[in-house]
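A short worksheet on the structure shown next.
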Amino acid sequence: MKYRADKVADFFCQIKKGNSYVEIPNVVGFSIPDITPGSNEMSGAGMIGTVNIPDPCNIEAMESSVTTSDDSGDAALLNDLYNVEVILNWAIDKVGTDGSSEYIAHRAVIKAKAAVIPGGEVKKAESTEKEHKLATWYYQEDVDGVTVTLVDALAPKLIINGKDCLEKLHKSLNK
């Protein structure tokens, strides 16, 4: 049987407060970071012209965001200029070709700093939203309990599609 990912069924967001995690109130959405490898030019050695190749040891700056309807309560912790750590949990409703339904569990851990303290837009008779942009240095995503993506710019660690992209480099350095 084939399955189709249908839609986000629900999500639950938490932020580190002291030594524990608390719910971020009024979350209306979030954005996990894009991972963009830098590139290096190769030329010479009998090559025709120059070739740009992806460089897994040179990941460009990452940004993520959490959008809230206001900054009440613990949502204000997203504005920390030094340390923000959030856990984003969401479930995808997986619908089978036979009509059966299951959920795919996703969990992302993001460590960052506030990149922008949002002002928000205010309109009469409309709800407000504030997008908290986060300069991200650590991002891990697990799908059904398996780590599929891990970028730790400070460690450095890089796992893409469950594969350790720096394994050969670390092995050659006896790490």
Problem set entry | Verdict with supporting geometry, S39 and D55, side-chain contact (heavy atoms from CB on, under 4.5 Å) | CA-CA 5 Å; S39 62; D55 181 1; 5.7 Å; no
Please tell me if the side chains of [X] and [Y] come closer than 4.5 Å, counting only heavy atoms from C-beta onward.
X    : Y   : answer
T50  : M42 : no
K17  : L77 : yes
H106 : N89 : no
P37  : N58 : no
V66  : V27 : yes

For this session: Any chance you could lay out the side-chain contact (heavy atoms from CB on, under 4.5 Å) test for E85 and I110, step after step, and finish with the verdict?
Result: CA-CA 6 Å; E85 187 172 329; I110 293 172; over 6 Å; no
For this session: Please name all residues satisfying ring-ring contact (aromatic ring centres under 6.0 Å, His included) with F11, sequence neighbours left out, ordered by chain then number.
Result: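 Counting only residues at least two positions away or on another chain, F11 forms a ring-ring contact (aromatic ring centres under 6.0 Å, His included) with F30.
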Interatomic spacing from [atom1] in [X] to [atom2] in [Y] - rounded to 0.5 Å:
X    : Y    : atom1 : atom2 : answer
E129 : N26  : CD    : CG    : 11.0 Å
I59  : Y139 : CD1   : OH    : 12.5 Å
I15  : L78  : CD1   : CG    : 4.0 Å
K111 : L134 : NZ    : CG    : 14.0 Å
K157 : C165 : NZ    : SG    : 14.0 Å

Does the side chain of [X] pick up a donor-acceptor pair with the side chain of [Y] at under 3.5 Å?
X    : Y    : result
T147 : D142 : yes
T128 : D70  : no
N79  : H132 : yes
T36  : D34  : no
S64  : S31  : no

For this session: For T136 and A112, work out which heavy atoms get closest and say how close.
Result: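 Scanning both residues, the minimum pair turns out to be CA-CB, 3.7 Å.
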Exercise. Closest heavy-atom contact between E23 and P25?
Worked result: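 That would be O-CD, 3.3 Å.
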Problem set entry | Salt bridge present between K113 and D80 (N-O < 4.0 angstrom) |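 Looking at D80 together with K113, the answer is no, because their closest N to O distance does not fall below 4.0 Å.
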Problem set entry | ILVMFWY clustering at 4.5 Å (side-chain atoms), partners of L150 |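 L150 clusters with Y21, I87, V109, W137, Y138, L154, I159.
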For this session: Give me the other members of the hydrophobic cluster that I117 sits in, counting Ile, Leu, Val, Met, Phe, Trp and Tyr linked by side-chain heavy atoms under 4.5 Å, directly or via other members.
Result: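 L81, Y82, listed by chain and number.
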When clusters are formed by joining ILVMFWY residues with side-chain heavy atoms under 4.5 Å apart, either directly or through shared neighbours, do [X] and [Y] land in the same one?
X    : Y    : result
W90  : Y103 : no
V22  : V84  : yes
V148 : V8   : yes
V86  : V28  : no

What residues, two or more places apart in sequence or in another chain, satisfy side chain to side chain contact (heavy atoms under 4.5 Å, CB included) together with [X]?
X    : answer
E131 : S65, T67, K133
A76  : none
E126 : K123

Exercise. Under the side-chain contact (heavy atoms from CB on, under 4.5 Å) criterion, do V143 and E141 qualify, and how do the steps go?
Worked result: CA-CA 7 Å; V143 177; E141 184 179 346; 4.0 Å; yes
For this session: Take atom CZ of F12 as the centre, draw a 6.0 Å sphere, and report whether it contains more than 12 heavy atoms from other residues, nucleotides or ligands.
Result: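 Counting other residues, nucleotides and ligands, CZ of F12 exceeds 12 neighbours.
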For this session: Determine yes or no for a side-chain-to-main-chain donor-acceptor pair under 3.5 angstrom, with S100 supplying the side chain and D98 the backbone.
Result: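 Looks like no, no N/O pair under 3.5 Å.
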For this session: Apply side-chain contact (heavy atoms from CB on, under 4.5 Å) to the pair L158 and D164, showing each step before the final yes or no.
Result: CA-CA 6 Å; L158 180 64; D164 185 349; 5.7 Å; no
